[in-house]
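Reviewing the structure listed below.
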Amino acid sequence: MAAGYVSTRMVKELEPGSRVKVRGWVYRHRDLGRKVFIVLRDADGILQLVADEAYTPQKYVEEARNASIESSIIAEGVTARDPRAPGGVELRLERLEIVGPSVDFPIKGGEGIDYLLENRHLWIRSRKLTAMWRIRQTAFKAFREFFESRGFWEVSPPMLTQAAVEGGATLFKVDFFGKPAYLTQSSQFYLEALIFSLERVWTLAPSFRAERSRTRRHLYEYWHLEAEEAWVGMEGEMKLVEELVAYTTKRILEERLEELSLLKRKTEPLEPALKTPYPRIRYEEAIRRLQGKGVKIEYGDDLGADEERLLTEDFDTPFFITHFPMELKSFYMKPDPHNPREALAFDLLAPEGVGEIVGGSERQDDYQALYKQIESRGYNPEDYQWYLDLRKYGSVPHSGFGLGVERYLMWVTGVNHVRDTVPFPRFRDRIYP
RNA sequence: GCCGGGGUAGCUCAGCUAGGUAGAGCGCCGGGCUGUUAACCCGGUGGUCGGGGGUUCGAGUCCCCUCCCCGGCGCCA
């Protein structure tokens, strides 16, 4: 643009007395009569604009008076340092134009969660949610950087699929030209198919679960970071997972301190997570620890949300739980050769009560064994034909994992609900907006 | 699917346990104000009490049915 617009962030770096043009939305509006204060919001932050009869033409003082909350405006003026302005710098207006008026913006502060969710399309303009989208983007970028540096190939598995990865989970059904099809709940099987050529693959894609979960950790549509690698066992996969989490967290601490502070997230609790390895405990030990805390639980019981929360009290970093009883885990996981009752499976739990953010395992790579594991769960091996084929033609030891992006962000940012880590959360029967 | 809480003004809520035909704060509108930080001060506007049925002289309030939302559990990432 010829004259050039300056972002609210850049304005603060200019010499006082600079004449600049800015544009954005009215975040706060305070009319004192012969003086009007506007706080302008743009993608980078906020800046106070002042219309004063002393230096602003009357016409533009009027315009400033009419620039109601969330109107989009273009303004021109001279920068000035002033300790009374938020951020210490303000723009003294010489011109102001309302581009798109906003009459009676529905969000004024003090609204309840239901109303805000009904107005999510407007609520996402808030500074806190904006900070979240910026942190989220940095996480996405760090995931790519990490896998790139480890020689992984990013691949694009389908979202429309024929069958479930795990028999129990509920799928969203769609009509595929008369044939039943489902929205994917995990790309794992497709990633497994791709390792036979690319060896190390990963993807970042939505997964869909039609389970009617009503908790702060569940979305019906969530972003799933999944990776799969040939020639790697459970231990190697856990190493990859902890390094991924440590790296991504480090990048967020490097680049998004301002946003974390806007979300009132203290960074100290995140510091320990930058160092690997993370602690590992076996399922068996988790049970013993819980019994030591007075929980009525025995070997063979699943770990519920309360149990996970209790275990996270013992650690100040994410930590692994490994070697779950086979019957608690999925059919495609490989039993431990030293103790076939237990699976070579791991969960990574985030501290501060957040709980499970990653689930992974070494996969069953033997055709006959996998066939039997499918049958013993009561599933039909015919439904898994192509998946079984992978073990028939050049099978290879391999492992993989899935990370719930929103749950990870929930921990890093300290928000207490996954819905606030994604712009338009799909949960609890809510589909609008 | 289960347990708990809740639908009263545009928003947040009080009123319900002792039935008598609706209230506050904020917003909004108008006026005032030359440094505001969710500005402040004065005045005004505002509701078929989620929907349906019942009891009653009379129901926001009691009873039954139903819809919706929130918090939690299970399931999982």
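Quick note on labels: first sequence line is chain A, next is B, and so on, each numbered from 1. As the structure is a computational prediction, the values presented were derived from the model and not from experiment.
Along RNA chain B, the nucleotide nearest A/Leu219 and the nucleotide nearest A/Ala305 are compared for position; the residue whose nucleotide lies closer to the 5' end is A/Ala305. Nearest-nucleotide positions on RNA chain B place A/Tyr115 closer to the 5' end than the other of A/Arg92 and A/Tyr115.
Of all nucleotides listed (B/A77, B/G35, B/G74), B/G74 comes nearest to the side chain of A/Thr215. Of the candidate nucleotides B/U36, B/C69, B/C76, B/C76 has the atom lying nearest to any side-chain atom of A/Arg209. When distances are taken from the side chain of A/Arg214 to each of B/C76, B/G72, B/G35, the shortest belongs to B/G72. Comparing atom distances between the A/Asp31 side chain and each of B/C69, B/C33, B/A77 picks out B/C33 as nearest. Residue A/Asp52 places its side chain closer to B/U34 than to any other of B/C70, B/U34, B/G27. Counting only heavy atoms from C-beta on, A/Phe427 has its side chain closest to B/C70 among B/A38, B/C75, B/C70.
Nucleotides B/A59 and B/G54, compared at atom P, are 12 Å apart to the nearest Å. The C1' atoms of B/C65 and B/C70 are separated by 22 Å, rounded to the nearest whole Å. Across B/G27 and B/G43, the matching C1' atoms stand 16 Å from one another, rounded to whole Å. Remark: the separation of the P atoms in B/U21 and B/U61 is 14 Å, to the nearest Å. B/C62 and B/A24 have their P atoms separated by 23 Å, with the value rounded to a whole Å. The separation of B/G72 from B/G46, taken at their P atoms, amounts to 40 Å, rounded to a whole angstrom. B/U8 sits 15 Å from B/G47 when the P atoms are compared, rounded to a whole Å. Using atom C1' as the reference point in both B/A38 and B/A77, the two lie 37 Å apart (nearest Å).
By the 4.0 Å N-to-carboxylate-O rule, A/Glu90 lies too far from A/Arg84 to be salt-bridged with it. Between A/Lys239 and A/Glu243 there is a salt bridge, since at least one side-chain N of the basic residue sits less than 4.0 Å from a carboxylate O of the acidic one. One finds a salt bridge joining A/Asp314 and A/Arg289 here, because a Lys/Arg side-chain nitrogen approaches an Asp/Glu carboxylate oxygen to under 4.0 Å. For A/Arg127 and A/Glu258, the salt-bridge test fails: no basic side-chain N is under 4.0 Å from an acidic carboxylate O. The existence of a salt bridge linking A/Arg209 and A/Glu221 is excluded, since no basic side-chain nitrogen approaches an acidic carboxylate oxygen closer than 4.0 Å. The residues A/Arg363 and A/Glu228 are annotated as salt-bridged, a charged nitrogen and a carboxylate oxygen being separated by less than 4.0 angstrom.
A close approach under 4.0 Å does occur between a side-chain nitrogen or oxygen of A/Arg419 and OP1 or OP2 of B/G71. A/Arg217 has a side-chain polar atom (N or O) that falls below the 4.0 Å cut-off from OP1 or OP2 of B/C73. A sub-4.0 Å separation between OP1 or OP2 of B/C73 and a side-chain N or O of A/Arg309 is present.
Between the C1' atom of B/C33 and the CD atom of A/Glu53 lies a distance of 12 Å, rounded to the nearest Å. Counting to the nearest Å, the C1' atom of B/C40 and the NE2 atom of A/His29 are 15 Å from each other. When rounded to the nearest whole Å, the span between CZ of A/Arg28 and C1' of B/U36 equals 12 Å. For A/Asn119 and B/G10, the CG to P distance is 14 Å, given to the nearest whole Å. A/Leu171 places its CG atom 14 Å from the P atom of B/C76, with the value rounded to the nearest Å. Between A/Asp347 atom CG and B/A77 atom C1' the separation is 9 Å, expressed in whole Å. One atom, CG of A/Leu328, and another, C1' of B/C75, lie 13 Å apart when rounded to the nearest Å. Between A/Phe324 atom CZ and B/C76 atom P the separation is 11 Å, expressed in whole Å.
No hydrogens or angles were tested; on distance alone, nothing pairs the side chain of A/Glu111 with the base of B/G10 as donor and acceptor under 3.5 Å. For A/Arg407 against B/C76, a side-chain-to-base donor-acceptor contact under 3.5 Å is present. For B/C76, the base has no donor-acceptor partner in the side chain of A/Ser213 [N/O atoms by modelled type, under 3.5 angstrom]. One cannot find a donor-acceptor pair under 3.5 Å joining the base of B/G27 and the side-chain atoms of A/Lys108. Interface remark: the A/Gln48 side chain does form a donor-acceptor pair with the B/U36 base, using a distance-only criterion of under 3.5 Å.
B/U17 is unpaired under the criterion used here, namely a Watson-Crick or G-U wobble arrangement in which both key atom distances are under 3.5 Å. Nucleotide B/A24 forms a Watson-Crick or G-U wobble pair with B/U12, both donor-acceptor distances falling under 3.5 Å. Judged by Watson-Crick or G-U wobble contacts below 3.5 Å, the nucleotide B/G74 has no partner.
Stacking annotation: A/Phe37 is not stacked on the base of B/G35 (requires ring centroids less than 5.5 angstrom apart and an interplanar angle below 30 degrees).
As judged by a 4.0 angstrom heavy-atom cut-off over every strand, A/Gly112 is placed among residues touching the sugar-phosphate backbone only. Counting non-hydrogen atoms under 4.0 angstrom, A/Glu221 reaches nothing in the nucleic acid. Using a 4.0 Å heavy-atom criterion, one finds that A/Ile357 contacts the sugar-phosphate atoms exclusively. At the heavy-atom level, A/Val39 lies nowhere under 4.0 Å from the strands shown.
Remark: A/Asp31 CG to A/Ser68 OG distance equals 11.5 Å, nearest 0.5 Å.
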message: One pair to check against ring pair (Phe, Tyr, Trp, His ring centres under 6.0 Å): A/Phe331 and A/Tyr384. What are the steps and the verdict?
response: CA-CA 11 Å; A/Phe331 71 88; A/Tyr384 296 89; 5.1 Å; yes

